[in-house]
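Here's the structure, in structure tokens; my notes come after.
All residue numbers in this chain count up from 1 along the given sequence. Any value given below was found using the heavy atoms of this structure, including those in side chains, with hydrogens, waters and symmetry copies removed.
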Amino acid sequence: MCGIVGVISRSPVNQMIYDALLLLQHRGQDAAGIVTMQGNRCFMHKARGMVRDVFRTRNMRLLQGTIGLGQVRYPTAGNAYSEDEAQPFYVNAPFGLVLVHNGNLTNAAELKKELFDVDRRHINTESDSEVLLNVLAHELDQAARNLPLTAEEVFKAVSAVQKRIKGSYAVVALIAGHGLLAFRDPFGIRPLCFGEAAEGEFMVASESVALEGNGYKLVRDVAPGEALFIDMSGKLQARQCAENPQLFPCMFEFVYLARPDSVMDGISVYQARLNMGETLAQRLISTMPPSDVDVVIPIPESSRPSAMQLAHRLGKPYREGFVKNRYVGRTFIMPGQGERKKSVRQKLNAIGLEFKDRNVLLVDDSIVRGTTSKEIVQMAREAGARKVYLASAAPPVRFPNVYGIDMPTSEELVAHNRSIEEIRQFIGADALIYQDVDAMKRVVSALNPALRGFEASCFDGVYITGDVTAADFARLEAQRLTQGDEEEGQSRSRLALQNDTEQAR
């Protein structure tokens, strides 16, 4: 998952983009980048790290212009440790193109070969976003050859792109000297919306909070398969560029990824999580006596709305039993399971008063790998809980995700090929209650009857693009193993550097 934003304004946009990226920081913490444009010249700064660490005053001063875009990256494809794969990506022909992308192309390997063999374009990284940029560049070149570039040619190019690429994508691009382009995949898997501050001033972003935090009024979501083109004068034009668009947004956005104060595809994320808490309560009542529960405690932070609604439905007290340290980031790559367990203790601390001699019901937004849940259950016991029950506001995560969420291999998922009882034993809870898949879809879709359904492959194993094969899973697993080796190597290097520094002291 990543967070993307694009702005066209009458005033400098560098600060607006920076502020929008801060509001989207939850969508990616590994890298950040901004590009602005003044006339036909682009100014770019990007690096690994959080937004506040990547950009300094000297960097911001260089980002001149009234049109620009930015991204915060959480890598799910390519090399997670390469500075070269931080976005935006730039290519100088045709016109000069800069692009940011949220999602994951499922046919990136085939496209990369096709670009080299047929289109005569070279891809210099492992990023599928660079592949997407070059496909767009080639199709723009074909559409506008010997013609002035107008919105008509831009939409023609996007239509050709939609036919070539597969998977999930929300894209914002700058075309030097011409304007800002945004488009979304035909299923609307990854989110994208736009807002207006004044006539001719627009912002496009992954979530509505980025618009509202900058004084832009949300106009609507970009429709599945739709493209927007805003020229340099601020004129916005929209066109449906896909042959058979259908709205199937990613369910995991509502479960975990998005901020609760966002509205996505006409659905309040906060209300969706409240509704999940309601159905989770019904599930619990049918599974175990509610009288066995003394207190309901959320595992910070996305689970809070669901936990509050569940507690209300059960008539049980809702308490904050864990304090989260917001300043423990992913600044040190942990080489072993022991270090990973230690990191949970650094990020969460239990308030013993809320656990001692009580039967506690812990509520989490989801359970993916299970190792964190296991550690948190143990923390609750050590804090004095008599019994520890665990409820997940999401159903069991049993299948890999190929559309841009970091759960690509089955072996990493605690629910894969395990029964609920086997998962409970692994985690160490006295009872384990999961959300029902159909109930979750029903209560969230009720908030927008126009929805056709959801991309919920990690829960139900249905890959809506229809092109995902066993070979794709094998490739993702191989990529995962390669990244794991690199992660271990970097960890050893950092440990060696740390030891050398300590010895020097």
Side-chain angles (χ1 to χ4, degrees), residues 1-75 77-93 95-102 123-130 132-134 136-137 170-182 202-207 210-211 213-214 232 329-331:
M1 64 174 181
C2 299
I4 60 176
V5 60
V7 184
I8 186 164
S9 179
R10 294 190 179 91
S11 57
V13 296
N14 52 357
Q15 187 65 51
M16 278 188 283
I17 296 173
Y18 177 91
D19 292 343
L21 292 182
L22 286 178
L23 292 165
L24 296 173
Q25 185 74 86
H26 60 287
R27 300 188 66 87
Q29 301 86 43
D30 288 332
I34 294 176
V35 66
T36 58
M37 189 179 295
Q38 188 171 55
N40 289 337
R41 186 177 178 189
C42 293
F43 302 89
M44 184 188 299
H45 180 71
K46 60 180 182 177
R48 291 190 63 201
M50 306 275 275
V51 174
R52 65 171 184 259
D53 300 320
V54 169
F55 299 99
R56 295 285 185 259
T57 302
R58 63 181 180 274
N59 309 128
M60 297 296 287
R61 285 174 178 163
L62 295 174
L63 296 171
Q64 304 170 37
T66 58
I67 181 172
L69 48 78
Q71 193 224 35
V72 286
R73 182 183 186 229
Y74 183 84
N79 189 329
Y81 311 102
S82 170
E83 190 111 329
D84 293 335
E85 295 193 12
Q87 295 186 36
F89 277 112
Y90 167 80
V91 67
N92 67 349
F95 310 109
L97 279 174
V98 194
L99 174 145
V100 289
H101 164 221
N102 174 32
I123 307 300
N124 201 47
T125 71
E126 295 302 315
S127 172
D128 62 339
S129 300
E130 189 187 8
L132 199 162
L133 170 63
N134 277 270
L136 175 62
V171 174
V172 184
L174 294 183
I175 307 173
H178 290 85
L180 184 147
L181 169 66
F202 294 95
M203 178 180 287
V204 185
S206 296
E207 295 187 32
L211 310 179
N214 279 281
M232 299 301 288
R330 300 153 77 213
T331 55

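With rounding to the nearest 0.5 angstrom, the CZ atom of F202 is 9.0 Å from the CD1 atom of I8. For the atom pair NE2 of H178 and CG of L180, the computed distance is 14.0 Å after rounding to the nearest 0.5 Å. Distance check: T66 OG1 to Q64 CD gives 11.5 Å after rounding to the nearest 0.5 Å. The structure places CG of L211 at 9.5 Å from CG of L23, a figure rounded to the nearest 0.5 Å. Note: L97 CG to L174 CG = 9.0 Å, rounded to the nearest 0.5 Å. Separating the CG atom in D53 from the CD atom in Q29 is a distance of 11.5 Å, to the nearest 0.5 Å.
Listed by chain and number, the residues in a side-chain contact (heavy atoms from CB on, under 4.5 Å) with S9 are V7, S11, V13, M16, E201, Y216 (sequence neighbours excluded). For L99, the side-chain contact (heavy atoms from CB on, under 4.5 Å) criterion is met by H101, L132, L133, L136, V171, A173, not counting sequence neighbours.
Taking 4.5 Å as the limit, every side-chain heavy atom of L62 sits out of range of all side-chain heavy atoms of H45. The side-chain heavy atoms of V5 and V172, taken from C-beta on, include no pair separated by under 4.5 Å. A heavy-atom distance below 4.5 Å is not found between the side chains of V54 and N59.
Looking at every heavy atom in both residues, F55 comes nearest to I34 through CZ-CG1, 3.4 Å. For the pair A210 and M203, the tightest heavy-atom approach, listed with the atom from each and the gap, is O-SD, 3.5 Å. Of all the heavy atoms in G70 and L21, the pair that sits closest is C-CD2, 3.8 Å. M232 and G177 get closest at one heavy-atom pair: CG-O, 3.7 Å. Nearest approach of C42 to V35, heavy atoms of both residues: CB-CG2, 4.1 Å. Shortest non-hydrogen contact noted between Y74 and R27 is CB-O, 3.5 Å.
Without hydrogens or angle criteria, E130 side chain to N124 main chain gives a donor-acceptor distance under 3.5 Å. Side-chain N or O atoms of S206 include one that pairs as donor or acceptor with a backbone N or O of I4 at under 3.5 Å. Using a distance-only test at 3.5 Å, with no hydrogens or angles considered, a donor-acceptor pair links the side chain of Q25 to the main chain of V51. A side-chain donor-acceptor contact under 3.5 Å links K46 to the backbone of P88. The closest donor-acceptor contact from the side chain of N102 to the backbone of C2 lies under 3.5 Å.
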Is there a side chain to side chain contact (heavy atoms under 4.5 Å, CB included) between F89 and T125? Walk through the geometry before answering.
CA-CA 11 Å; F89 277 112; T125 71; 4.1 Å; yes
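Annotation for R52: atom CZ does not count as buried by contact number, only 12 or fewer foreign heavy atoms lying within 6.0 Å.
A side chain to side chain contact (heavy atoms under 4.5 Å, CB included) with M37 is found for exactly one of L63, L69, I175, I67, namely I67.
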